[in-house]
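Each chain gets a letter, A, B and so on, in the order its sequence line appears, and its residues count up from 1.
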Number of protein chains: 2
Amino acid sequence: MPTQTAAERRAEARAAYDAFIAECPTRKLLDRISDKWVSLVLAALTDGPRRYNDLSRTIAGVSQKMLTQTLRTLERDGLVSRTVTAAVPVRVDYELTPLGRTLQPVMVAIKSWAETHIEQVETARSTYDRSNHA
Amino acid sequence: MPTQTAAERRAEARAAYDAFIAECPTRKLLDRISDKWVSLVLAALTDGPRRYNDLSRTIAGVSQKMLTQTLRTLERDGLVSRTVTAAVPVRVDYELTPLGRTLQPVMVAIKSWAETHIEQVETARSTYDRSNHA
DNA sequence: CGGCATCCAATGTGATACTG
DNA sequence: CAGTATCACATTGGATGCCG
């Protein structure tokens, strides 16, 4: 008979992952999702499925390479689903998976933080630059 | 006399910042904070001031270069304060500023997301690798 | 339309050595 | 203790050209 309940095992498993530990796989995952393009893509997918070109227009300035690369990685990691509709020309839709929807609010929060605090950051920078490094 | 109230001006200023726009300064800020070391440092400062060596031990595997560089940038951006205590040897403490405390919960959320969803991501990866790219 | 392959310049990052 | 400086290397990312 079990000496641990399922809840206990889950708690232990959760505690076993710590991104402060260099070798922990979560460190690499943290690195992957700590990415400008990831947050922009997940934010862009907030309101439902989006086509490739639609995404590239929304996320202004993203290169084909980076958009495709980011989408592939997100797909592989199970955060985004890719749906190809046979037609001429081909139609490809990207959509958040249930897993992706758990990360999306966090990514939106980062993007929003940048947008709402940019002025305070810029003020801090000019203060720093004036007092310290001439 | 003003045709806008202060609240209206603030609302307009807020709407003017959009990280989806390539030239928006928030895009660069988003890139800066979307960084593995930033999230780890802000998470490590959750419980109050920490000394340099304390941080380097907590954030296992971080190089001196990256830790110093990250702390300098965070300091310049007004997210972290640096306090030098004259002594032998010197003592330097880093602490979140009020501005830094507004970003800290978001950074902790990313780190936590990675830790709580790593297994689902790994499952998704092996599924993807088995079905697609042999 | 939605990619992929390649080249290459710029940047990021770690290891190492040294210092007030 | 808390850095700085330098070098070597890896990674990033844009530009370009081609394709089903």
Side-chain angles (χ1 to χ4, degrees), chain A residues 19-23 27-41 44-45 49-76 80-95 128 132-134, chain B residues 19 21-23 27-41 44-45 49-77 80-95 128 132-134:
Chain A
F20 280 139
I21 299 169
E23 301 77 17
R27 175 71 69 90
K28 291 200 118 181
L29 180 56
L30 179 62
D31 196 24
R32 274 199 185 288
I33 62 180
S34 296
D35 183 284
K36 155 179 72 171
W37 300 124
V38 168
S39 55
L40 290 172
V41 166
L45 290 175
R50 297 285 216 108
R51 297 183 64 171
Y52 182 89
N53 265 357
D54 190 10
L55 285 173
S56 75
R57 260 176 275 110
T58 298
I59 306 168
V62 66
S63 64
Q64 271 188 349
K65 178 179 177 178
M66 292 317 298
L67 182 56
T68 301
Q69 195 177 100
T70 302
L71 287 168
R72 282 292 167 282
T73 304
L74 290 175
E75 188 195 356
R76 189 171 105 97
V80 160
S81 67
R82 179 173 180 270
T83 307
V84 181
T85 305
V88 181
V90 180
R91 176 197 176 99
V92 181
D93 286 275
Y94 291 92
E95 185 174 13
Y128 180 92
N132 299 36
H133 303 273
Chain B
I21 299 168
E23 301 78 17
R27 175 71 69 91
K28 291 200 117 180
L29 179 56
L30 179 63
D31 196 24
R32 273 197 186 289
I33 62 181
S34 296
D35 182 287
K36 155 180 73 174
W37 301 126
V38 168
S39 55
L40 289 172
V41 166
L45 291 175
R50 298 286 216 107
R51 299 183 62 172
Y52 181 89
N53 263 358
D54 189 9
L55 285 173
S56 75
R57 259 176 276 109
T58 298
I59 306 168
V62 66
S63 64
Q64 274 187 346
K65 178 179 176 176
M66 292 317 297
L67 182 55
T68 301
Q69 195 177 100
T70 302
L71 287 168
R72 282 291 168 286
T73 304
L74 291 175
E75 189 196 357
R76 190 171 105 97
D77 289 354
V80 159
S81 67
R82 179 172 178 271
T83 308
V84 182
T85 305
V88 182
V90 180
R91 177 197 176 98
V92 181
D93 286 276
Y94 291 92
E95 186 176 11
Y128 180 92
N132 298 35
H133 303 273

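Of the candidates D/dA2, D/dG14, C/dC1, D/dA2 carries the atom nearest the B/Arg51 side chain, counting heavy atoms from C-beta on. Side-chain proximity of A/Tyr52 to C/dG3, D/dT4, C/dT13: nearest is C/dG3. The nucleotide whose nearest atom lies closest to any side-chain atom of B/Asn53 is, among D/dG3, D/dA2, C/dG2, D/dA2.
A donor-acceptor pair shorter than 3.5 Å can be found between the side chains of A/Tyr94 and A/Arg82.
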Task: Protein proximity profile, nucleotides 15-20 of chain D - base contact B, sugar-phosphate-only contact S, no contact -, cut-off 4.0 Å on heavy atoms - done: B-B---
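Between the C1' atom of D/dG13 and the CD atom of A/Gln69 lies a distance of 8 Å, rounded to the nearest Å. What separates CZ of A/Arg72 from C1' of C/dA5 is a distance of 14 Å, to the nearest Å. Distance A/Leu55 CG to C/dG3 C1': 14 Å, rounded to the nearest Å. A straight line from CD of B/Glu75 to C1' of D/dG3 spans 13 Å, rounded to a whole angstrom. D/dT4 atom C1' lies 14 Å from atom CG of B/Leu67, rounded to whole Å. Here the P atom of nucleotide D/dT11 and the CE atom of B/Met66 are 15 Å apart, to the nearest Å.
B/Asp93 and B/Arg91 make their closest contact through OD2-NE, 2.8 Å (heavy atoms, listed as atom of the first residue, atom of the second, distance). Between B/Asp35 and B/Arg32, the closest heavy-atom pair is CB-O, 3.4 Å. The shortest non-hydrogen separation linking B/Ala60 to A/Ile21 is CB-CA, 4.4 Å.
The shortest distance between the side-chain N/O atoms of B/Tyr94 and the OP1/OP2 oxygens of D/dG3 is below 4.0 Å. The side chain of A/Arg82 places an N or O atom within less than 4.0 Å of a non-bridging phosphate oxygen (OP1 or OP2) of C/dG3.
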Open item on the list: Apply side chain to side chain contact (heavy atoms under 4.5 Å, CB included) to residues B/Val90 and B/Thr85 and explain how you reach the verdict.
Closed with: CA-CA 6 Å; B/Val90 180; B/Thr85 305; over 6 Å; no
TODO: Tell me, with the steps shown, if A/Leu67 and A/Trp37 meet side chain to side chain contact (heavy atoms under 4.5 Å, CB included).
DONE: CA-CA 7 Å; A/Leu67 182 56; A/Trp37 300 124; over 6 Å; no
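No side-chain heavy atom of B/Val38 sits less than 4.5 Å from a side-chain heavy atom of B/Thr73. A 4.5 Å side-chain heavy-atom check between A/Val41 and A/Ile59 finds at least one atom pair inside the cut-off. Proximity of A/Thr68 to A/Tyr52: side-chain heavy atoms (C-beta onward) are separated by under 4.5 Å at one or more points. With a 4.5 Å cut-off on side-chain heavy atoms, B/Thr70 and B/Val62 do not count as touching.
Each of A/Val62 and B/Arg91 was assigned the nucleotide of DNA chain D with the nearest heavy atom; the assignment lying further toward the 5' end belongs to B/Arg91.
Contact check of residues 28-38 of chain A against DNA chain C (heavy atom, cut-off under 4.0 Å) returns no residues at all.
Judged by distance alone, the side chain of B/Arg27 and the main-chain N or O of A/Gly61 form no donor-acceptor pair under 3.5 Å. The closest donor-acceptor contact from the side chain of A/Ser39 to the backbone of A/Lys36 lies under 3.5 Å.
From one end of the helix from C/dC1-D/dG20 to C/dG20-D/dC1 to the other, with five pairs defining each end axis, the axis direction shifts by 60° (rounded to 10°).
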